[in-house]
A.B. asks: 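Have a look at the structure that comes next, please.
Proteins come first, then strands; the chains are lettered A, B, ... in the order of their sequence lines, and each starts at number 1.
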2 protein chains.
Amino acid sequence: MGRGKIEIKRIENSSNRQVTYSKRRNGIIKKAKEITVLCDAKVSLVVFASSGKMHEYCSPSTKLVDILESYHKQSGNRLWDAKHENLSNEIDGIKKENDSMQIELRHLKGEDISSLNHKELQVIEDVLEKGQANIRDKQDEIVTMLRKNVSTASRDGHGKWVSAAHNEATGLQT
Amino acid sequence: MGRGKIEIKRIENSSNRQVTYSKRRNGIIKKAKEITVLCDAKVSLVVFASSGKMHEYCSPSTKLVDILESYHKQSGNRLWDAKHENLSNEIDGIKKENDSMQIELRHLKGEDISSLNHKELQVIEDVLEKGQANIRDKQDEIVTMLRKNVSTASRDGHGKWVSAAHNEATGLQT
DNA sequence: TTGTCTATGTATAACGT
DNA sequence: TACGTTATACATAGACA
């Protein structure tokens, strides 16, 4: 189909190969369009040059995704579904975790506790008490630090306290 | 390219359409094979007849999945990633939520509080106190209910307490 | 490169069967 | 309906700009 017949084997001359590639690629895409119109077919065509450059054709009014989905259905092939499923599972897992944390948080705040029994309430109370103890210890530490701080603290020329530690501990800055 | 020129528009005669479809489909697949060999290209071709029947061609030594993955990478096109991205975003969102709940929970339990300042600790303490108050109210309610219950309770023939309310409240059953 | 031009090879529309 | 056949339209290899 040209000035001379050619064998169907790799074209060694790279610039010829490139030329032939782009001509034939256009040809195939044209044919794909035609069969789409003529025969009411759906076509998905993806071509990669050896250079890695890509071209595609996909019948109008049909997203490639849809075609691939049909492909997927028909072929029974998993394709991307594996990935899809992984993500879904991950979501489910995290959501579960999320829900239970949500519930635990609410309970600690004393919300949504009307259905809890004495034992369950006791567990929560214990946790709260433990938490409170820890928090208070920490507060005591801070107070101690402040006192130590105050005893060595000084004011600047404008009468402001000069102590990064003091500010940090009280949350006045940073 | 036949006995007569044809317009590129849907062939209305359905048997002609079917014939043309299968001829042209073979033609395209042949071309696809040729460009694959001649130009060292990779081709993925999926064709659906309007009947729903599918045919595919894929360059040898290349799985369709791989081609699609390359396609996906190169095209910057979302494709199935649209779905994936949605899922990923969802995951990110939930994870964020998760993390902050995680932190809040730890704080309420008095963990990981070494970097907190006085103000922040105070907030936590307030929440704990509020929660404790709620829990204690509920406990009181239960005690009241139990008392009321006990006064009207009875034992069964084997000496066991017969009171769904009592069991539920104390968590001995269910 | 990137395109345009033909001579030629191919694909195929319309027929037969 | 599903195949071969064949006249024709189309695609394209090589040449040249």
A.B. asks: Are any of the side-chain nitrogens in A:Lys95 or B:Glu90 under 4.0 Å away from the carboxylate oxygens of its partner?
C.D. replies: yes
A.B. asks: Test your reading of the model: is there a side-chain donor-acceptor pair from A:Lys138 to the backbone of B:Ser114, 3.5 Å cut-off?
C.D. replies: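 Yes, A:Lys138 side chain to B:Ser114 backbone: donor-acceptor pair under 3.5 Å.
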A.B. asks: Using a distance-only criterion (donor-acceptor N/O pair, under 3.5 Å, no hydrogens), is the base of D:dT8 paired with the side chain of B:Arg3?
C.D. replies: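 Not at all, since no donor on one side and acceptor on the other fall under 3.5 Å apart.
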A.B. asks: Look at the side chain of A:Lys23 against the base of C:dG3 and say whether a donor-acceptor pair falls under 3.5 Å; ignore hydrogens and angles.
C.D. replies: no
A.B. asks: Which heavy atom of A:Ala41 sits nearest to which heavy atom of B:Ala49, and what is that distance?
C.D. replies: CB-CA, 4.5 Å
A.B. asks: Without decimals, in angstroms, what is the distance between B:Asn13 CG and D:dA2 C1'?
C.D. replies: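 Taking CG of B:Asn13 and C1' of D:dA2, I get 14 Å after rounding.
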A.B. asks: Starting from P on C:dG9, measure out to CZ on A:Arg24 and report it in whole angstrom.
C.D. replies: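 My rounded result for the distance is 14 Å.
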A.B. asks: Rounded to whole Å, please give me the gap between CD1 in B:Ile8 and P in C:dT12.
C.D. replies: 11 Å
A.B. asks: Please report the distance, rounded to the nearest Å, between CG in B:Asn26 and C1' in C:dA11.
C.D. replies: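 B:Asn26 atom CG is separated from C:dA11 atom C1' by 11 Å.
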A.B. asks: How many whole angstroms separate atom CG of B:Leu38 from atom P of C:dT10?
C.D. replies: 11 Å
A.B. asks: Looking at A:Lys30, I'd like to know whether one of its side-chain N or O atoms comes within less than 4.0 Å of OP1 or OP2 on D:dA11.
C.D. replies: yes
A.B. asks: Measure the distance from CD on A:Glu12 to P on D:dG14 and round it to the nearest whole Å.
C.D. replies: 14 Å
A.B. asks: How many angstroms lie between atom OG of B:Ser51 and atom CZ of B:Arg17, to the nearest 0.5 angstrom?
C.D. replies: 10.0 Å
A.B. asks: Could you tell me whether A:Thr20 contacts a base, only the sugar-phosphate backbone, or nothing, with contacts defined as non-hydrogen atoms closer than 4.0 Å?
C.D. replies: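 Sugar-phosphate only.
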A.B. asks: Which nucleotide in the set C:dA11, D:dC10, C:dG9 lies at the smallest distance from any side-chain heavy atom of B:Lys5?
C.D. replies: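 Side chain of B:Lys5 sits closest to D:dC10.
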A.B. asks: Distance check needed: C:dA13 P versus B:Arg17 CZ, whole Å only.
C.D. replies: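 Answer to the nearest Å: 14 Å.
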A.B. asks: Using heavy atoms to find the nearest nucleotide of DNA chain C for B:Lys31 and A:Gln18 separately, return the residue whose nucleotide is more 5′.
C.D. replies: A:Gln18
A.B. asks: Both A:Ser14 and B:Asn16 contact DNA chain C. Taking the nearest nucleotide for each, which residue is further toward the 5' end?
C.D. replies: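 With A:Ser14 and B:Asn16 compared, the 5'-side residue is A:Ser14.
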A.B. asks: Consider only side-chain heavy atoms of I, L, V, M, F, W and Y, link residues closer than 4.5 Å, and tell whether A:Ile103 and A:Ile124 are in one cluster.
C.D. replies: no
A.B. asks: Distance check needed: D:dT1 C1' versus B:Tyr21 OH, whole Å only.
C.D. replies: 18 Å
